[in-house]
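Report on the following structure.
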Amino acid sequence: MTNRITLIASEVRVNDHIYNGTGTNAHPTFAWETVSKVRSEDGLILLITGNIKGIHGEFWLEPDEQIVVMRYPESNE
């Protein structure tokens with residue numbers, strides 16, 4: 001089961017999924033992207049999606065800015 005939660009940008013974790021799209025397409029899940037790296041830079045939070053060394057997306061947010069993410073429960077294995 002997936003949990004869709006609203007939190008502040010500084011609480012986003014690697015492997016969270018963030019929405020990158022307009023929501024008007026037939027399958028909105030196509031617009032959810034996996035966060036592959038989170039870092040703080042110049043007082044902002046940088047979320048990197050996709051391949052870190054190749055083509056990727058960047059989202060710059062204020063640390064206290066709200067964002068909706070999908071987060072899968074951690075496995076106990």
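Reckoned from all heavy atoms, side chains included, excluding hydrogens, waters and symmetry mates. Model, not experiment: these values are computed from the prediction.
Using a 4.5 Å cut-off on side-chain heavy atoms (C-beta onward), Ile67 and Leu61 make contact. Put simply, the side chain of Glu58 does not reach to within 4.5 Å of the side chain of Thr49, judged on heavy atoms. Within the 4.5 Å cutoff, the side chain of Leu47 has no heavy atoms near those of the Arg39 side chain. Contact of the Arg13 side chain with the Glu11 side chain is not registered, since no non-hydrogen atoms from C-beta on lie closer than 4.5 Å. The closest side-chain heavy-atom distance from Thr34 to Val14 is not below 4.5 Å.
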Chi angles and distances behind the side-chain contact (heavy atoms from CB on, under 4.5 Å) call for Arg71, Leu7: CA-CA 11 Å; Arg71 181 174 289 168; Leu7 43 80; 3.6 Å; yes

Test log, rule side-chain contact (heavy atoms from CB on, under 4.5 Å), inputs Trp32 and Arg4: CA-CA 12 Å; Trp32 287 91; Arg4 192 170 175 180; 3.8 Å; yes

Stepwise side-chain contact (heavy atoms from CB on, under 4.5 Å) test for His17 and Val69: CA-CA 5 Å; His17 301 278; Val69 302; over 6 Å; no

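Val35 and Ile8 fall into different hydrophobic clusters, where Ile, Leu, Val, Met, Phe, Trp and Tyr side chains are chained together by heavy-atom contacts under 4.5 Å.
Summarising the geometry, atom CD1 belonging to Ile45 is positioned 4.5 Å from atom OG belonging to Ser40; distances are rounded to the nearest 0.5 Å.
For Leu44, the side chain to side chain contact (heavy atoms under 4.5 Å, CB included) partners two or more places apart in sequence, or in a different chain, are Trp60, Glu62.
The minimum heavy-atom distance between Gly50 and Ser36, with the atom names listed, is O-OG, 2.7 Å.
Of the listed residues (Val12, Ile18, Val38), just one forms a side-chain contact (heavy atoms from CB on, under 4.5 Å) with Phe59, and that residue is Ile18.
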